[in-house]
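Have a look at the structure below, then the notes.
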Amino acid sequence: MDTIHACFKDKIGEVLLPGDVFSFRLPESGDGSIKTDKIICGPGLRRNGEEVQVCKSGILRHKQPNMYWIDSQQRRYVPAKGESVIGIVTAKSGDIFKVDVGGSEQASLSYLAFEGATKRNRPNVQVGDLVYGQFTIANKDMEPELVCIDSCGRANGMGVFGADGLLFKLSLGLVRRLLAPQSEIVKDLEKIFPFELVVGMNGRVWVKAKTVQQTLIVTSLLESCENMTSQQRQTLFKRVAEGSL
Amino acid sequence: MRDTPLSNCERRFLLKAVEEKKRLDGRQTYDYRNIKITFGTDYGCCIVELGRTRVLCQVSCELVPPKDSRPTEGIMFFNLELSPMASPAFEPNRQSELLVMLNRQLERCLRNSKCIDTESLCVVSGEKVWQIRVDVHVLNHDGNLMDAASIAAISALSHFRRPDVAIQGRDITVFSPEERDPIPLSIYHMPICVSFAFFLQGSYLLVDPCEREERVKDGLLVIAMNKHREICSIQSSGGIMLLKDQVFFLITFLVYIYMKLIYCFMKKKFFYPLLFRKEGGKFGFAESMPKERITALKRDEAPVEMTDVQETASEIVNRTETPTEAVSSPVLVAMGTAQVGEGIVNSWGLDEDEEDEPQTEDTKTGSV
């Protein structure tokens, strides 16, 4: 359907408000050959019958071949299935741990959802520890559930972590930019000095560098990247690299 | 809303940073955050920003009968509120320990130190005195609420003007601000609180702790001092053991320095708005908010699609259903009883209906 793409094309890069509607009327062509095109509606767009409605304010973005979404700024996290987040264990009750992920409800994490955990061999998790896990259940009707293993049963980087290092909070947009496959911010940061970085999609980031001073530097650099253009960021990082060396 | 719990690794990191004398925002151990004081258009209203901590204070006055034990003195009433917008840890209508401590410390600092001359607030001895009410609201909590609250309270009290009164015999005339200029309160001295947070059993000390540093602290020491090097109040909480020498060192060197810094800053901030006011210039909160910064609320004009607005509006009006007809005016059933609309048939107590019927007929024929 060329009409669908044409509808969206004029609005790519423009600011849209909740309530804006894209409606598609199927052309009454006599041939009967209706090509069905698939369009993927990302966050901020919702299908309502024959219309696509905008439900968040932001800029419309497009990724080839057929993905559209709304880029909006947000700091509060809403749990979604499949996302990897950093949680803080708040309570141990029986067989499950209660984990705070920054959403409206605390998520539950079963003690068996760790690699190599059995009923006899319980994982070593204390209240106040940091865990990196994925959501298996996350909708608005139920309490979210986390697991620290993937579908094959391997940890794959998830589980308890963070003996040292600092945890801080960033906006969700910046976190998504950090997690992009070829993130420029991370590449620029790597050139300054080595450090460990864990990024959770709930806006929480854990950093560990060799000394306390370096950890604090990385923290404040990441917090300041929020509103800077890439040019300003590169000049800032260059100044820091020269200063610290 | 629940507050985010502090994880073990954060706690360990913060304590390690304190040991190495490093702070999260790059300050030194004895550095205070930037203080910003802005006054509003009304007399007695001020906002204090200590880094990211924001506190609003409003002073108001009222004529009331005095207390029986002190018939010639005015009344000072202090009230500090932790608004839930300040932090997810603050719940509305909950008496937390922090709230009680802050209120008590504010009262001790300002009331017991007798910084305001309450005798001058008396209008008619034993009958009418001014009650000065100081309301402090915490708008954002990023640590060190006590200092911000005390700076806000004393700045607002200095800024405040009460209405002028004239007494003729037993008649009291209160003049409005247009008739006669309002009078400032008579303030003897300005006490300001300075907070110190202690870590690791009192071995390390930080001035002006931010919110995360406050969470891992062992104890807190708040000292209120005025310009004349008089200590107005000392409060130590958290049960840390401090040596006499440590406290003396703090008082003689550090507290006085901070007090002077804050005091000079306040004086500077205080006189300019007053000058503007006299010259007729613009003043108030709106003028003091920065507009050119990226985080300010100002936006450039954005084009809005305005074509066919009238047509779409009339289309929507035509499409919606007409509202149901309004009910006709009330029907007078009996003297003093009217009925609007038709009620549902009463399905209770069906036996009583037969008894009631002859009675209602009588009343209908009787009056109306």
Side-chain angles (χ1 to χ4, degrees), chain A residues 10-11 14-17 20 57 59 73 76-77 86-91 98-106 125-131 160-169 196 198 202-204 206-209 211-217 219-221 223-224 226-229 232, chain B residues 1-29 31 51-52 85 87-89 140 142 199 204 206 210-213 215-216 290 292-309 312-313 315-316:
Chain A
D10 342 324
K11 300 282 191 178
E14 268 193 29
V15 174
L16 296 177
L17 297 176
D20 290 349
S57 38
I59 302 179
Q73 281 194 343
R76 171 160 298 286
Y77 178 65
I86 297 181
I88 305 174
V89 179
T90 53
K98 282 277 181 228
V99 178
D100 171 88
V101 288
S104 54
E105 280 229 28
Q106 296 198 331
V125 178
Q126 306 303 323
V127 171
D129 278 350
L130 294 178
V131 286
V160 179
F161 71 100
D164 278 322
L166 181 62
L167 178 79
F168 56 99
K169 208 161 187 304
E196 283 177 58
V198 177
N202 53 350
R204 292 190 187 159
W206 177 88
V207 173
K208 179 177 167 184
T211 63
V212 165
Q213 178 72 351
Q214 289 185 347
T215 317
L216 290 173
I217 291 176
T219 309
S220 40
L221 283 177
E223 278 173 355
S224 60
E226 172 83 48
N227 289 322
M228 286 205 278
T229 62
Q232 291 169 324
Chain B
M1 231 216 86
R2 230 175 280 125
D3 196 9
T4 354
L6 190 70
S7 55
N8 296 341
C9 93
E10 266 183 290
R11 183 184 295 268
R12 270 192 293 254
F13 183 84
L14 284 166
L15 291 175
K16 207 164 100 172
V18 168
E19 270 179 56
E20 295 185 19
K21 306 227 192 281
K22 299 250 184 284
R23 297 181 82 160
L24 286 183
D25 40 11
R27 289 185 277 160
Q28 302 293 319
T29 37
D31 275 349
R52 280 204 294 243
M85 77 166 125
S87 161
N140 196 31
D142 195 27
F199 302 86
Y204 296 96
L206 287 183
C210 72
E211 205 240 329
R212 288 219 251 182
E213 288 161 357
R215 285 211 199 178
V216 297
E292 298 301 317
R293 285 222 300 262
I294 197 170
T295 45
L297 296 168
K298 185 166 174 275
R299 282 193 69 199
D300 292 327
E301 292 175 353
V304 176
E305 187 73 45
M306 281 293 281
T307 54
D308 309 331
V309 154
T312 21
E315 229 183 293
I316 294 172

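In what follows, every chain begins at residue 1, and chains take the letters A, B, ... in the order their sequences are listed.
- No side-chain donor-acceptor contact under 3.5 Å links A/D164 to the backbone of B/F13.
- Residues that satisfy the side chain to side chain contact (heavy atoms under 4.5 Å, CB included) test with A/S104, not counting sequence neighbours, are absent from this structure.
- If you take OG1 on A/T215 and CG on B/L24, they are separated by 11.0 Å, rounding to the nearest 0.5 Å.
- Of all heavy-atom pairs spanning A/L216 and B/R23, the tightest one is CD1-O, 3.6 Å.
- When the candidates A/L166, A/I88, A/D100 are compared by the number of heavy-atom contacts under 4.5 Å with chain B, A/L166 comes out ahead.
- Screening A/V131, A/L167, A/V89 for a side chain to side chain contact (heavy atoms under 4.5 Å, CB included) with B/S7, the sole residue that qualifies is A/L167.
- Proximity to chain B (any heavy atom under 4.5 Å) is restricted, for A/L130, to the side chain, taken from C-beta onward.
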Run the side chain to side chain contact (heavy atoms under 4.5 Å, CB included) test on B/T4 and A/R204 for me, step by step, so that the C-alpha distance in whole Å, both residues' side-chain angles and the decisive distance to 0.1 Å come before the verdict. CA-CA 11 Å; B/T4 354; A/R204 292 190 187 159; 3.1 Å; yes
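- In this structure A/D20 satisfies the salt bridge (charged side-chain N to carboxylate O under 4.0 Å, His left out) test with no other residue, sequence neighbours excluded.
- Smallest separation of non-hydrogen atoms from B/C9 and A/A163: CB-O, 4.1 Å.
- For chain B, the nearby part of A/V127 is the backbone; its heavy atoms alone come within less than 4.5 Å.
- Proximity to chain B (any heavy atom under 4.5 Å) is shown, for A/S220, by neither the backbone nor the side chain.
- For B/R212, the part lying under 4.5 angstrom from a heavy atom of chain A is the side chain only.
- Counted within 6.0 Å of CD on B/E19, heavy atoms from surrounding residues, nucleotides or ligands total more than 12; the atom is thus considered enclosed.
- Taking both residues in full, the closest heavy atoms of A/D129 and B/N8 are given as OD1-ND2, 3.5 Å, listed atom of the first, atom of the second, then distance.
- Here NZ of B/K22 is found 8.0 Å from OG1 of A/T211. Values are rounded to the nearest 0.5 Å.
- Within the 4.5 angstrom heavy-atom criterion, atoms from both the backbone and the side chain of A/Q213 approach chain B.
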